[in-house]
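Report on the structure given below.
All residue numbers in this chain count up from 1 along the given sequence.
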Amino acid sequence: SSQPILTTPSPHYPPFPYINPADIDFSALTHDAEWALLFDNIMTLDRIEWELSENLRKGTPPPIHRLLVQAVTMCNAFSSYYSHTRVLRNQSEHLAPTIKARVSLIVLIRSALSRILNYINVSPVQRM
């Protein structure tokens with residue numbers, strides 16, 4: 001289904017449409033912090049999830065503490081990134097790929113944090 005990513009009305013931006021992950025041009029990301037979010041956080045979580053499933057398959061206790069450490073690490077990295085990076089910039093054609101990639105990165109971070117919270121049976125906050 002195609003649901004908008006961002007639905008909050010903005011005086012400058014229409015709601016973001018659904019973005020197929022295959023259509024994201026991550027080469028538009030230019031800051032080291034963006035790549036660190038992808039590699040050190042998103043991909044690290046994938047590895048931790050694999051380890052969890054392997055431990056469960058073998059009947060050994062899963063390293064749940066690694067999920068919690070990863071959640072804290074991810075939140076700190078994202079907070080630092082978001083406070084220093086303007087995700088939504090002046091709307092112009094040449095910035096569209098960068099904006100799309102940055103919003104997609106935020107969606108990936110949100111999804112990763114939701115997965116971690118799901119493992120520990122905690123509902124994510126919907127609004128602050």
Side-chain angles (χ1 to χ4, degrees):
S1 80
S2 62
Q3 295 219 339
I5 291 175
L6 299 177
T7 56
T8 304
S10 166
H12 306 291
Y13 295 93
F16 251 73
Y18 169 79
I19 299 174
N20 182 344
D23 296 335
I24 301 167
D25 179 10
F26 283 110
S27 69
L29 299 176
T30 57
H31 295 104
D32 288 343
E34 293 165 332
W35 291 104
L37 282 167
L38 275 172
F39 289 108
D40 299 341
N41 293 281
I42 303 290
M43 295 176 93
T44 297
L45 178 58
D46 290 342
R47 193 167 42 251
I48 292 169
E49 287 177 312
W50 180 84
E51 289 174 13
L52 285 172
S53 67
E54 283 297 298
N55 282 44
L56 291 172
R57 186 182 64 74
K58 293 176 185 174
T60 58
I64 297 295
H65 69 282
R66 294 211 42 223
L67 281 173
L68 302 177
V69 169
Q70 188 61 30
V72 170
T73 300
M74 194 178 304
C75 287
N76 287 335
F78 178 72
S79 178
S80 177
Y81 165 74
Y82 197 77
S83 69
H84 293 99
T85 305
R86 292 188 62 204
V87 174
L88 298 176
R89 303 171 67 154
N90 296 333
Q91 200 172 17
S92 65
E93 193 64 33
H94 78 284
L95 291 176
T98 301
I99 293 170
K100 188 176 182 180
R102 286 180 175 167
V103 169
S104 298
L105 176 62
I106 291 169
V107 170
L108 288 172
I109 291 290
R110 179 178 185 232
S111 172
L113 289 171
S114 291
R115 289 184 350 237
I116 291 172
L117 292 173
N118 187 51
Y119 279 114
I120 59 173
N121 203 25
V122 174
S123 299
V125 174
Q126 297 300 317
R127 173 176 251 165
M128 292 184 94

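- For the atom pair CZ of Arg57 and CH2 of Trp50, the computed distance is 8.0 Å after rounding to the nearest 0.5 Å.
- Distance check, rounded to the nearest 0.5 Å: CG of Leu105 to CG of Leu108 gives 6.5 Å.
- Hydrophobic cluster membership is shared by Met74 and Ile120, with clusters built from Ile, Leu, Val, Met, Phe, Trp and Tyr side chains linked at under 4.5 angstrom.
- Considering CZ of Arg66 and CG of Leu68, their distance stands at 11.5 Å, rounded to 0.5 Å.
- Counting only heavy atoms from C-beta outward, the side chains of Met43 and Leu38 never approach each other to under 4.5 Å.
- The backbone N or O of Cys75 sits nowhere less than 3.5 Å from a side-chain atom of Ser79 that would complete a donor-acceptor pair.
- Thr85 contributes no side-chain N or O that, together with a main-chain N or O of Tyr82, makes up a donor-acceptor pair within less than 3.5 Å.
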Please determine whether side-chain contact (heavy atoms from CB on, under 4.5 Å) holds for the pair Glu51 and Leu67, giving the CA-CA distance in whole Å, both sets of side-chain angles, and the decisive distance to 0.1 Å.
CA-CA 11 Å; Glu51 289 174 13; Leu67 281 173; over 6 Å; no
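- Of all heavy-atom pairs between Pro63 and Leu52, the closest is CD-CD2, 3.6 Å.
- The line from OG1 of Thr73 to CG of Asp40 is 9.5 Å long, rounded to the nearest 0.5 Å.
- Closest approach of Ala71 and Leu113 over heavy atoms only: O-CD2, 4.1 Å.
- In the hydrophobic clustering of ILVMFWY residues, with side-chain heavy atoms under 4.5 Å counting as a link, Ile116 and Val122 come out together.
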Between Ile42 and Leu37, is the side-chain contact (heavy atoms from CB on, under 4.5 Å) condition met? List the steps.
CA-CA 6 Å; Ile42 303 290; Leu37 282 167; 5.7 Å; no
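- Below 30°, between 30° and 60°, or above 60°: for Trp35 and Phe39 the angle between ring planes is below 30°, a parallel geometry.
- Between the Ser104 side chain and the Lys100 main chain, a donor and an acceptor come within less than 3.5 Å of each other.
- The hydrophobic cluster containing Ile48 does not contain Val72, counting ILVMFWY residues as joined when their side-chain heavy atoms lie under 4.5 angstrom apart, directly or transitively.
- What you find for Phe26 and Ala101 is that their closest heavy atoms are CE2-O, 4.2 Å.
- Put simply, Ile64 and Val69 are part of two different groups of oily side chains (I, L, V, M, F, W, Y) that touch within less than 4.5 Å, one to the next.
- Between the side chain of Asn41 and the backbone N or O of Gln70, no donor-acceptor pair lies under 3.5 Å.
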